Structure formats: C-alpha cells, structure tokens
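Some notes on the structure that comes next.
A note on names: the letters A, B, ... follow the listed sequences, proteins ahead of strands, and every chain is numbered from 1. Everything numeric in this text was worked out from a predicted model, so none of it was measured.
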2 protein chains.
Amino acid sequence: MKWSELSDNWCPVARTLSVVGDRWTLLILRDAYLGKSKFEEFAESSGMTRHILAERLKRLVEEGVLERRLYSSAPKRYDYVLTEKGEELRPALRVMKDWGKKHMPVRREAKA
Amino acid sequence: MKWSELSDNWCPVARTLSVVGDRWTLLILRDAYLGKSKFEEFAESSGMTRHILAERLKRLVEEGVLERRLYSSAPKRYDYVLTEKGEELRPALRVMKDWGKKHMPVRREAKA
DNA sequence: TCCCTGCGTTTTGTTTTGGAACTTATGTCA
DNA sequence: TGACATAAGTTCCAAAACAAAACGCAGGGA
C-alpha cells in the first residue's frame, strides 16, 4: 500500500497518518511546536537531510498543516509556521513526549 | 540519521518515534486498540505486507509495547497483546483519530 | 572582489519497502 | 489415507525511499 492510498482509507487514523505518518514529519512538527520556523532550524535540530526536509515541508504546506510565509523580501526568504490545523495535532505530540520521558530513558548521550 | 540513533536522542518525542515513528507501526497499534491481536488480523486490516508486519511486531515486542503470547499449543500459535506501556500510547492515537475525522475527509471510497 | 547566509536541488550509492511465492506444523474432511 | 485448509511467519527480487555530500542561486558584507 502507498501513501496516496492511505489518504482515502475508511479509518481516520490512517488518513491522519497519510500526512504525518513518518518520523521526520513528526519531528518537524515537534520543532514547530517549539517555535522553530526556518529551514535551517529544522535541518539542524532534527538531523534529517535537507533533501528529505524540503520534501516534507512541501507536503505539510500542501496539506495545510504549515503555511509558507515570506518573512524577508530582499533577499526573498520563506519560513514555515503552524496553521490552526497544524496546532490541533499538538496534543498527540504531547502524549508522545510524556510517553518518551516515562518509558524511553536515555541510555547514553547523543550529540544531536 | 538512523532509527537506532533516534532512540538516544535528548528529546523524548524523538525517542518515542524511534519505536512508533512509522505509519505501519501506528496502524498496528490502532488495530491493537480495536481489539485485534493475531498476525492475520493485522495483515488483513492494515493492508501492509506480511514481511513488514513481522518485522514491526518483533520490534514492538522487543520494546515492550506488545507481548507475544502463546494462545494455542497444538499447533503452536502466538498472538500479540498490548502491555500497559502500549496502552499508554492510546491517547495519541485518539488525537489522530479526531484530527483525521475533522481535517481529512474521505474523497472517494477505498476498498481496504 | 571573494566569502557568507539561507533555502533549497542534484547526484550517487545504500537501505527499506512492496508484492508475491514459499515453508512449517497441524487440523479437517471424505 | 490423501487433498486441502489455516496461522504465522520467511524468502526473493525489483522498485522506491533515503543518506551524505556537493552544487546552485540570490543577495549582503568586508
């Protein structure tokens, strides 16, 4: 089954996952909830490749979870801010945060 | 960055995603919350390949989210039931369900 | 002028996934 | 007994996704 097929699944969870159902996308959302909005901020914070980041941002904008906003006109620079639709997923990430704190202790320090 | 590195990230959300951060795993959880427990039930319901399903179930058992349980001794058959740890992710899926209902209307009927 | 920043795109090779057939152990029907 | 069914995986190969690093581009500043 492919992403595209999932978006018309009978199950609302599956349809949600067709948009945010991969770890990179969810890490972008995490950063967005932490106030980040710029390409470089996401890239550095999450450790994902620029390649993947660009694709995921595009998808999130297409789906209306983020909005691409011009924040500087010369030079032209865009950043990505949460829409109301995007904000409404925040509680899911909060559950994951609490779950991670409780059930996934850090075994050794990671650099990123 | 790879899965394995994510499991020791400083961020609890990232650590959670190292376990459940892909759509197939989350669909397995959805089915588990709906009461399914058998390999064939997961396979049929989610539409994922048996290949991927086997791998994800193994991972979820290793991480203590599901428990592999002998439910028939002749022939030997195992199924997968939620642990308390697994139950505690249910609220996250509930958020995704509500979000999908609200923001991801079905455009056309899907077969699976 | 040359280097720097911010936001991507391209390239190349590795890893993961999809799809379908196959396996193993037992049970069931005739 | 033989033929078929069931449940839970495993194996194989091609296709898709990904990682890493270099490149592109449009200004800005020294």
Side-chain angles (χ1 to χ4, degrees), chain A residues 1-7 9 14 17-28 31-32 35-62 66-81 110-112, chain B residues 1-7 9 14 17-28 31-32 35-62 66-81 110-112:
Chain A
M1 192 190 276
K2 295 154 206 145
W3 276 77
S4 50
E5 296 177 42
L6 215 50
S7 67
N9 197 280
L17 292 176
S18 77
V19 180
V20 298
D22 77 291
R23 83 195 134 125
W24 297 132
T25 301
L26 289 165
L27 284 178
I28 290 171
D31 286 345
K36 301 191 200 308
S37 69
K38 300 201 183 62
F39 190 94
E40 299 296 331
E41 289 176 329
F42 292 124
E44 186 183 7
S45 159
S46 65
M48 84 185 81
T49 66
R50 319 168 69 69
H51 181 75
I52 299 298
L53 174 58
E55 191 192 82
R56 293 298 192 279
L57 287 173
K58 199 171 127 202
R59 181 169 181 77
L60 287 170
V61 169
E62 279 168 7
L66 296 179
E67 189 193 333
R68 189 165 185 262
R69 183 186 61 172
L70 184 73
Y71 75 90
S72 157
S73 41
K76 273 201 163 67
R77 298 264 191 265
Y78 297 89
D79 68 351
Y80 300 86
V81 292
K111 56 271 154 196
Chain B
M1 192 191 276
K2 294 154 207 146
W3 275 79
S4 50
E5 296 177 42
L6 215 50
S7 67
N9 197 280
L17 293 176
S18 77
V19 180
V20 298
D22 77 292
R23 79 195 137 126
W24 297 134
T25 300
L26 289 165
L27 284 178
I28 291 171
D31 286 344
K36 300 193 201 309
S37 70
K38 299 200 183 65
F39 190 95
E40 299 296 330
E41 289 176 328
F42 292 124
E44 186 182 9
S45 160
S46 65
M48 86 186 81
T49 65
R50 319 168 67 67
H51 182 75
I52 299 298
L53 175 57
E55 193 193 81
R56 293 297 193 278
L57 286 173
K58 197 170 127 203
R59 182 169 181 75
L60 287 171
V61 169
E62 279 167 7
L66 296 180
E67 190 194 332
R68 190 165 184 260
R69 183 185 61 173
L70 185 73
Y71 75 90
S72 156
S73 42
K76 272 203 163 62
R77 298 260 191 266
Y78 296 90
D79 67 354
Y80 300 86
V81 294
K111 56 273 156 195

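- Spacing between atom CD1 of A:I28 and atom P of C:dC7 amounts to 14 Å, rounded to whole angstrom units.
- In the set D:dG9, D:dA19, C:dT17, C:dT17 carries the atom at the smallest distance from any side-chain atom of B:H51.
- Heavy atoms only, all atoms of each residue included: A:F42 and A:I28 are closest at CE2-O, 3.6 Å.
- Over its length, the helix from C:dT1-D:dA30 to C:dA30-D:dT1 turns its helix axis by 0°, as judged from the five terminal pairs at each end, rounded to 10°.
- Contact annotation: B:Y71 reaches the phosphate of D:dA8 (side-chain N/O to OP1 or OP2, under 4.0 Å).
- Scored by the side chain to side chain contact (heavy atoms under 4.5 Å, CB included) test, B:E62 finds B:K58 as partners (sequence neighbours excluded).
- OP1 or OP2 of D:dA17 has not a single side-chain nitrogen or oxygen of A:W24 nearer than 4.0 Å.
- Per the geometry, CG belonging to A:L70 stands 16 Å off P belonging to C:dG6, to the nearest Å.
- In the set C:dT9, D:dA20, C:dG18, C:dT9 carries the atom at the smallest distance from any side-chain atom of A:A54.
- Rounded to an integer number of Å, the gap from B:M48 CE to C:dT16 P is 18 Å.
- When the C1' atom of C:dG18 is taken as reference, atom CZ of B:R56 falls 12 Å away, rounded to whole Å.
- Annotation: the span from B:D22 atom CG to A:T25 atom OG1 amounts to 12.0 Å, rounded to 0.5 Å.
- Among residues two or more places apart in sequence or in another chain, the side chain to side chain contact (heavy atoms under 4.5 Å, CB included) test is passed with B:E55 by none.
- Annotation: side chain to side chain contact (heavy atoms under 4.5 Å, CB included) contacts of B:A43 (sequence neighbours excluded): B:R50, B:L53.
- For the pair B:Y80 OH and D:dG9 C1', the computed distance is 8 Å after rounding to whole Å.
- Whole-Å rounding puts the A:L53 CG to D:dA20 C1' distance at 15 Å.
- Checked against C:dC7, C:dG18, D:dA8, the side chain of B:R23 finds its nearest nucleotide in C:dG18.
- Remark: B:R59 is not in phosphate contact with C:dT16, judged by side-chain N or O atoms under 4.0 Å from OP1 or OP2.
- Closest non-hydrogen pair, B:L60 versus B:V19, comes out as CD2-CG1, 4.2 Å.
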What string of B, S and - do you get for nucleotides 22-30 of chain D 5' to 3' if you count protein non-hydrogen atoms under 4.0 Å? B-----S--
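- Between B:L6 and A:R23 there is a side-chain heavy-atom pair separated by less than 4.5 Å.
- Salt bridge A:K38/A:D79: absent, no basic N to carboxylate O contact under 4.0 Å.
- A straight line from CD1 of A:I52 to P of C:dT10 spans 14 Å, rounded to a whole angstrom.
- Note on B:F42: nothing from the nucleic acid sits closer than 4.0 angstrom, heavy atoms only.
- B:E55 comes within 4.0 angstrom of the backbone, heavy atoms only, and of no base.
- In this structure, the CD atom of B:E40 is 17 Å from the P atom of C:dT24, given to the nearest Å.
- Among residues two or more places apart in sequence or in another chain, the side chain to side chain contact (heavy atoms under 4.5 Å, CB included) test is passed with B:S73 by B:L70.
- We find the OG-CD distance between B:S37 and B:E67 to be 11.5 Å, quoted to the nearest 0.5 Å.
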